[in-house]
Amino acid sequence: MESRASQVILRAANDSEASLLSTMKEIFKIRADNPCAELYLVELICRAWRQLSDVITEQEEGRVEAKGDAQGTAAVRERNVKRMLAFIHAHYSEPIGVDDIAQSTAISRTECFRCFRSVLNSTPTGYLTEHRLSAAAMLLVSSNRTVADIARSCGFTSSSYFGKLFRAHYGKTPGAYRENRFL
């Protein structure tokens with residue numbers, strides 16, 4: 001569930017990948033007139049998810065083991081970004097900065113920027129601000145809390161700065177965004 005794998009290549013020569021391919025074939029062979037088809041389908045889908053998870057884990061570990069090459073570096077950076085994103089999602093309401101984000105993964109500030117740039121094509125502060133604004137937008141439409149309270153709870157120290165960023169990002173003020181939520 002946490003993998004950033006955009007694709008998985010399955011080869012019959014690899015045992016775990018062959019097993020997943022076999023399970024997928026079984027899924028497509030289920031006949032609708034079978035009285036237990038639904039139960040059998042649920043069983044096979046659960047098995048396929050577990051097998052897919054194993055395959056992805058194997059493939060990601062294989063990339064990390066290939067030290068010194070570009071794929072190994074990319075896999076390490078992806079793993080670091082996952083950890084940093086988890087830290088941001090858990091602490092975005094607090095006064096955190098790039099140094100805190102980098103420390104959460106025990107890497108340098110410079111490497112933190114490299115990881116974000118190569119994996120997300122963004123900066124740590126840019127991602128943090130986007131996440132805070134997204135959380136604020138959800139609170140605006142799902143609660144009756146004041147804009148100032150929402151700004152503070154999403155890590156913004158100034159309501160006016162929050163309003164400026166929100167308008168630049170969403171094209172309207174927080175109040176207008178709240179009013180137009182059903183349009």
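All figures in this text were calculated on a predicted structure; none of them were measured in a lab.
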Please output the side-chain donor-acceptor pairs of residues 30-37 that fall under 3.5 Å, not counting sequence neighbours, one pair per line with the distance.
residue : atom : partner : partner atom : Å
Arg31   : NE   : Asp33   : OD1          : 3.1
Arg31   : NH2  : Asp33   : OD2          : 2.7
Asn34   : OD1  : Cys36   : N            : 2.9

Among all residues two or more places apart in sequence or in another chain, which pass the salt bridge (charged side-chain N to carboxylate O under 4.0 Å, His left out) test with Glu43?
Arg47
Check whether the side chains of Ser160 and Ser158 place a donor and an acceptor atom closer than 3.5 Å, and report yes or no.
yes
Considering only distance and modelled atom types, tabulate donor-acceptor pairs under 3.5 Å from the side chains of residues 147-154, sequence neighbours left out.
residue : atom : partner : partner atom : Å
Asp149  : OD2  : Arg145  : NE           : 2.8
Asp149  : OD2  : Arg145  : NH2          : 3.3
Ser153  : OG   : Arg145  : NH2          : 2.9
Ser153  : OG   : Asp149  : O            : 3.3
Ser153  : OG   : Ile150  : O            : 3.0

Salt-bridge contact Lys172-Glu179 (side-chain N to carboxylate O under 4.0 Å):
no
Using modelled atom types and a 3.5 Å cut-off, is there a donor and acceptor pairing between side-chain atoms of Arg77 and backbone atoms of Cys112?
no
Is the shortest heavy-atom distance from the side chain of Ser159 to the side chain of Lys164 under 4.5 Å?
no
Close side-chain approach of Tyr40 to Glu26, heavy-atom, < 4.5 Å:
yes
Determine the interplanar angle of the Tyr177 and Phe166 rings, folded into 0 to 90°, and report it as parallel if under 30°, tilted if 30 to 60°, perpendicular if over 60°.
perpendicular
Mutual orientation of the aromatic rings belonging to Tyr92 and His131 [parallel < 30°, tilted 30-60°, perpendicular > 60°]
perpendicular
Heavy atoms, side chains only, cut-off 4.5 Å: are His91 and Asp100 in contact?
no
Give a yes or no answer on whether the side chain of Thr105 reaches the backbone of Ala102 with a donor-acceptor pair at less than 3.5 Å.
no
So, Ser142 side chain and Met138 main chain: donor-acceptor pair closer than 3.5 Å or not?
yes
